[in-house]
Asks: 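Pasting a structure here, questions to come.
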Amino acid sequence: MNEDNVKVHFVFHFVVLTSQILMAGIYIHIPFCKQACHYCNFYFSTSLGNKDNFIKALLKEIELSKDYLAGEKIETIYLGGGTPSHLKIEDLRLITAKLLSVYDLNELREFTIETNPDDLKDAELIKQIGTLGVNRFSIGIQSFFDEDLRYMNRAHNSDEALSSVKRVQDAGFENITIDLIYGTPTMNDDKWKQNLDTAFSLSVPHISSYALTVEAKTSLEKRIGKGESKAVDEVQSAGQLKMLMNEMRAHNFEQYEISNFACNGMYAVHNTNYWLSKKYLGLGPSAHSFDGNSRRWNVANNVNYIKSINAGKILFEEEVLTEVQKVNEKIMTSLRTQWGLGIMNYEVGIRNEILESMKGIDSSHYLLENDILKLTEEGKLFADSIAASLFIEE
Ligand code: SF4
């Protein structure tokens, strides 16, 4: 299918999100990056040697998985990774055309592509990405300071961070989210404030912000162990999370999820649907899928992924969730959102167990209004441990 066909077929219907309409999402993991960020623990390769074979396998996986979502309407597509913007436009066009040939996308609301600033130097390329139906750009800025970017081993510099956002805006896209990382040892509180001020000055409607975490087996962990990189200071990181929440509030951004902030209701539909436990299909190496009852995750290895797809089989592991696991997942995800956990949704035994466990939580960390449990600003600093303390026993 050529580009014009793609344009003609993409009609976005902005439907109202209701629980009656069965809607699902598609996530595609592009397992390639220009260079390895020191902190990253996602699956990717810095070699493009397998790229063409990967694209062929991905197109085949789209066909092989077409019944996974059991005919539900596709509401969101998310190209993530890895770095989708590291692919050529022709590759992205092949993927989009295949999705169009397999799925009815008439009710698609949101089509996001993750990009890195160094891939967004060409205004024409940005427009071309738009012709594929992409209507939301996620830009991995992380910091507007070169010193922080070097610490993280990002492939872009501070000038590219700024100019990439402007170029995407100049191409006519308003639905833009940027990622920022706090808690980097090279970034003191003054620099964090400047990063946030720069982000606000760009007038993007959505910002995702995460603490720098030292994940096991990452280059960052090894570098810190050898004394080649400064260690992360958890106290500084917690202080910068508080600054983040205060600054976001002062600039009219809603903290609709602990790490996600939106202006004027510009929530990420795809991610919000994860938190609402809607179904999604994950395609590509390491991608996760959820069908309402079970989770499965594809093999995190390009060679094995391609080999198995070529043999007509998707290589994945699967876990069928028990009812208790479903409740606990809901507790974990809901408490991170501004919508909170609806206690009345559960049968009386579970409800009482949650209410009993709540007695062990500091009362300044939560609010219980109309049977909806939400975390306070202070409670958000301990979200994961509070959720774990409310988990139901099997
Ligand atoms: S660009 Fe993203 S996926 Fe790639 S190495 Fe960096 S953080 Fe990881």
Side-chain angles (χ1 to χ4, degrees), residues 27-51 54-55 58 78-88 91-92 95 112-121 125 129 134 136-161 163-165 168 176-187 195 206-224 228-229 232 237 259-260 268 270-271 282-288 297-302 305:
Y27 170 81
I28 298 184
H29 188 87
I30 306 298
F32 302 105
C33 291
K34 197 176 287 176
Q35 70 185 47
C37 304
H38 287 332
Y39 58 90
C40 182
N41 69 344
F42 295 123
Y43 177 68
F44 65 92
S45 166
T46 51
S47 161
L48 285 173
N50 261 328
K51 193 260 294 172
F54 159 74
I55 296 288
L58 178 64
Y78 194 102
L79 289 180
T83 313
S85 58
H86 193 35
L87 291 182
K88 291 202 168 84
D91 296 321
L92 296 172
I95 296 167
T112 304
I113 184 167
E114 280 185 353
T115 58
N116 278 338
D118 44 303
D119 293 326
L120 296 173
K121 290 181 188 149
L125 172 70
I129 290 174
V134 168
R136 184 170 184 268
F137 275 74
S138 169
I139 309 176
I141 301 285
Q142 317 311 351
S143 174
F144 293 101
F145 288 99
D146 286 326
E147 194 189 0
D148 307 331
L149 296 170
R150 278 195 298 271
Y151 175 90
M152 295 185 252
N153 202 38
R154 297 289 307 185
H156 64 279
N157 60 37
S158 54
D159 287 343
E160 288 164 342
S163 61
S164 62
V165 177
V168 173
I176 298 170
T177 179
I178 63 172
D179 288 347
L180 292 176
I181 290 182
Y182 58 87
T184 314
T186 46
M187 185 177 66
N195 258 333
H206 191 283
I207 298 173
S208 297
S209 189
Y210 301 91
L212 181 71
T213 33
V214 185
E215 303 287 353
K217 298 190 186 140
T218 55
S219 168
L220 184 60
E221 186 193 51
K222 286 179 205 139
R223 292 178 66 84
I224 291 173
E228 291 168 3
S229 288
V232 173
S237 187
S259 305
N260 287 280
H270 187 82
N271 293 9
L283 300 157
S286 81
H288 286 231
W297 50 99
N298 284 357
V299 62
N301 179 294
N302 281 349
Y305 168 82

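Side chains included, hydrogens not; waters and symmetry mates left out as well; all remaining heavy atoms used. Starting from 1, each residue takes its place in the sequence as its number. One-based numbering, in listed order, for ligands and for the atoms of each. In this text, all values refer to a predicted model and were calculated from it rather than measured experimentally.
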Asks: With no hydrogens and no angle check, is any side-chain donor or acceptor of Tyr27 less than 3.5 Å from a backbone partner on Gly284?
Replies: no
Asks: Looking only at protein heavy atoms, which one is nearest to atom 6 (Fe) of ligand 1, and how far off is it?
Replies: Cys37 SG, 2.3 Å
Asks: When you measure from atom 7 (S) of ligand 1 to each heavy atom in Tyr39, Tyr43, Phe44, which option holds the nearest one?
Replies: Tyr39
Asks: Among Leu92, Thr112, Leu87, exactly one meets side-chain contact (heavy atoms from CB on, under 4.5 Å) together with Leu79. Which residue is that?
Replies: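 For Leu79, the side-chain contact (heavy atoms from CB on, under 4.5 Å) test succeeds with only one of Leu92, Thr112, Leu87, which is Leu92.
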Asks: Got the closest protein heavy atom to atom 2 (Fe) of ligand 1, with its distance?
Replies: Arg154 NH1, 4.1 Å
Asks: Should you measure from each heavy atom of Thr83, which atoms of ligand 1 turn up under 4.0 Å away?
Replies: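 Listed by number with element, the hits are 1 (S), 4 (Fe).
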Asks: Specify the protein heavy atom at minimum distance from atom 1 (S) of ligand 1: its residue, its atom name, and the distance to 0.1 Å.
Replies: Asn116 ND2, 3.3 Å
Asks: Quick check: does Cys33 put an N/O/S atom under 2.8 Å from atom 4 (Fe) of ligand 1?
Replies: yes
Asks: Within a distance under 4.0 Å of any heavy atom of Gln35, pick out the atoms of ligand 1 and give their elements.
Replies: 5 (S)
Asks: At a 4.0 Å cut-off, with the gap strictly under it, does some heavy atom of Glu114 reach an atom of ligand 1?
Replies: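 Heavy atoms of Glu114 never come under 4.0 Å of ligand 1.
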Asks: Is the Tyr78 to His270 ring centre distance short of 6.0 Å?
Replies: yes
Asks: Name the residue from His86, Lys34, Gln35 that meets the side-chain hydrogen bond (donor to acceptor under 3.5 Å, both in side chains) definition with Asp118.
Replies: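 Answer after filtering His86, Lys34, Gln35: Lys34.
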Asks: Verify the distance test for Cys40 against atom 8 (Fe) of ligand 1: any N/O/S atom under 2.8 Å, yes or no.
Replies: yes
Asks: Between the main-chain N or O of Tyr43 and the side-chain N or O of His29, is there a donor-acceptor pair closer than 3.5 Å?
Replies: yes
Asks: Does either side chain, that of Thr218 or that of Asn41, offer a donor lying less than 3.5 Å from an acceptor on the other one?
Replies: no
Asks: Begin with the C-alpha distance, continue with both residues' side-chain angles, and end with the deciding distance and a verdict on side-chain contact (heavy atoms from CB on, under 4.5 Å) for Phe144 and Ile178.
Replies: CA-CA 11 Å; Phe144 293 101; Ile178 63 172; 4.3 Å; yes
Asks: Are any of the heavy atoms in Gly82 under 4.0 Å away from ligand 1?
Replies: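 Per 4.0 Å heavy-atom rule, Gly82 contacts ligand 1.
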